[in-house]
Amino acid sequence: MSEPKIHPSAVIEEGAAIGPGCEIGPFCHIGPEVVLAEGVRLKSHVVVTGRTVIGPETEVFSFAVIGEIPQDLKFRGEKTRLEIGARNRIREHVTMNCGTEGGGGLTKVGDDGLFMAGCHIAHDCHVGDRVIIVNNAAVAGHCRIEDDVIIGGLCGIHQWVRIGKGAIIGALSMVTNDVIPHGLVQGPRGELDGLNLVGLKRRGVKRADITALRAAFQMLAQGEGAFVDRARRLGEETESDYVREIVAFIMGESDRSFLTPK
């Protein structure tokens, strides 16, 4: 791959590692502990700082600020990290913060994500692959966003919340509790309103699995006993891997309660 292309007005501090084929546009500022893998492209006026690693072929648009210190008053300058995977598109004015010592010291973003203009990824979040976060949505500290999640515009995700694989959050929702895999959340105070059927069909999930997920959702909504008890029984009865994902998510460790079916 070719040598990096760096605009003369860009500031690259000593110690930064710039991979082959990178393109760094006008007025970008790259800190001394930053690592850019091959083929990373930074448009104009991008700031990348802190102990930040950006994976191959990720593209960062103008005025994004990547790797700044957390918005956490407990932060005292400890050495923490931000790791961003491959082929992400990080649009204008996006902010992603490094971790905190109390949260494990790492904010991590997977591969092939789309982070639209103005969205925020706070300290100690772990974001999976193929995640889409729409304009001006904010993900608070310590959240876990699993693969294939879509978070709509102007949403707020409360700290410590987990959002399971394949879930979708409608625009303008405030999500204060965990969301099961493949769940559909909507409303100003986010409510679990069904399954992300559109997303399941787009990913080619078999009809039998979708039918099993529908039945599982109904059992979680209307079955006997507490929510966790219903989930435990589902795990004993189901033969669907997709339903087992939901059960494993519900039975996993969490610092929040769950959004439960209406």
Side-chain angles (χ1 to χ4, degrees), residues 70-75 80 82-85 94-110 113-116 118-196 199 216-217 220-221 226-228 230-231 242 245-262:
Q71 298 179 112
D72 184 340
L73 294 175
K74 299 186 294 299
F75 184 74
T80 58
L82 168 64
E83 296 179 2
I84 299 172
V94 169
T95 52
M96 296 183 177
N97 293 162
C98 60
T100 63
E101 185 175 32
L106 173 65
T107 304
K108 188 170 184 178
V109 175
L114 172 58
F115 302 88
M116 296 190 191
C119 72
H120 175 64
I121 306 297
H123 59 87
D124 305 298
C125 288
H126 287 211
V127 179
D129 298 336
R130 300 174 300 280
V131 168
I132 298 174
I133 301 183
V134 182
N135 302 67
N136 297 302
V139 181
H142 310 283
C143 289
R144 297 292 184 267
I145 312 297
E146 295 186 357
D147 297 347
D148 301 303
V149 166
I150 299 174
I151 298 175
L154 295 165
C155 285
I157 311 300
H158 193 284
Q159 62 190 24
W160 298 103
V161 159
R162 298 181 302 148
I163 300 182
K165 181 179 179 179
I168 185 167
I169 314 299
L172 297 167
S173 293
M174 177 63 199
V175 180
T176 56
N177 291 307
D178 290 354
V179 179
I180 62 172
H182 313 294
L184 165 65
V185 173
Q186 53 190 355
R189 298 295 291 189
E191 296 181 336
L192 184 60
D193 199 26
L195 295 169
N196 182 14
F217 189 86
L220 288 172
F227 183 70
V228 172
R230 298 175 214 164
Y242 289 88
E245 283 180 358
I246 294 177
V247 172
F249 184 89
I250 293 171
M251 305 309 295
E253 291 186 10
S254 177
D255 291 283
R256 307 292 298 176
S257 57
F258 292 90
L259 292 181
T260 54
K262 296 173 64 177

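In what follows, residues are counted from 1 in the order of the sequence shown.
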TODO: Using a 4.5 Å cut-off on heavy atoms from C-beta on, say whether the side chain of Phe227 contacts that of Pro261.
DONE: yes

TODO: Rounded to the nearest 0.5 Å, what's the gap from CG on Asn196 to CG on Asp148? Could you check?
DONE: 9.5 Å

Task: Inter-residue atom distance Arg144.CZ - Ile157.CD1, 0.5 Å rounding - done: 14.5 Å

- [ ] Would you give the length of the straight line joining atom CD1 of Ile150 to atom CD1 of Ile132, rounded to the nearest 0.5 angstrom?
- [x] 4.5 Å

Open item on the list: Under the rule for side-chain hydrogen bond (donor to acceptor under 3.5 Å, both in side chains), what residues qualify as partners of Glu146, not counting sequence neighbours?
Closed with: none

- [ ] Specify the closest pair of heavy atoms between Cys155 and Gly170, including all atoms of both residues, with the distance to one decimal.
- [x] SG-O, 2.9 Å

Task: Least distance between heavy atoms, Cys125 atom then Ala140 atom - done: SG-O, 2.9 Å

Open item on the list: When you compare the side chain of Ile121 with that of Ile133, does any pair of heavy atoms fall below 4.5 Å?
Closed with: yes

- [ ] For residues Met251 and Val228, determine if any side-chain heavy atom of one lies less than 4.5 Å from a side-chain heavy atom of the other.
- [x] yes

Open item on the list: Quick one, Leu220 and Ile246 - any side-chain contact, counting heavy atoms below 4.5 Å?
Closed with: yes

Task: Heavy-atom closest pair, residues Thr176 and Arg189 - done: CG2-NH2, 3.5 Å

Task: Heavy-atom side-chain contact between Ile250 and Ile180 under 4.5 Å - done: yes

Task: Value rounded to 0.5 Å, distance of CG in Asp72 from CG in Asn97 - done: 10.0 Å

Open item on the list: Quick check: closest heavy atoms across Gly152 and Val134, and the distance to 0.1 Å?
Closed with: C-CB, 3.7 Å

TODO: Sorted by first residue and then second, give each salt bridge (charged side-chain N to carboxylate O under 4.0 Å, His left out) pair with at least one member in residues 153-164; sequence neighbours left out.
DONE: Arg162-Asp178

TODO: Mind listing the closest non-hydrogen atom pair of Cys143 and Trp160 along with its distance?
DONE: SG-N, 3.9 Å

TODO: Answer yes or no: is there a donor N or O on one side and an acceptor on the other, between the side chain of Asp129 and the main chain of Asp147, under 3.5 Å?
DONE: no

Task: Inter-residue atom distance Ile169.CD1 - Leu184.CG, 0.5 Å rounding - done: 8.0 Å

Task: Trace of the ring-ring contact (aromatic ring centres under 6.0 Å, His included) decision for His142 with His123 - done: CA-CA 6 Å; His142 310 283; His123 59 87; 4.9 Å; yes

Task: Nearest-0.5 Å distance that lies between atom CG in Asp193 and atom CG in Leu259 - done: 11.0 Å

Open item on the list: Less than 4.5 Å apart, side chain to side chain, heavy atoms only: is that true for Met96 and Thr107?
Closed with: no

TODO: Indicate the atoms forming the closest heavy-atom contact of Phe75 with Thr100, along with that distance.
DONE: CD1-CG2, 4.3 Å

Task: Check: Ser173 and Pro188 side chains under 4.5 Å, non-hydrogen atoms - done: no

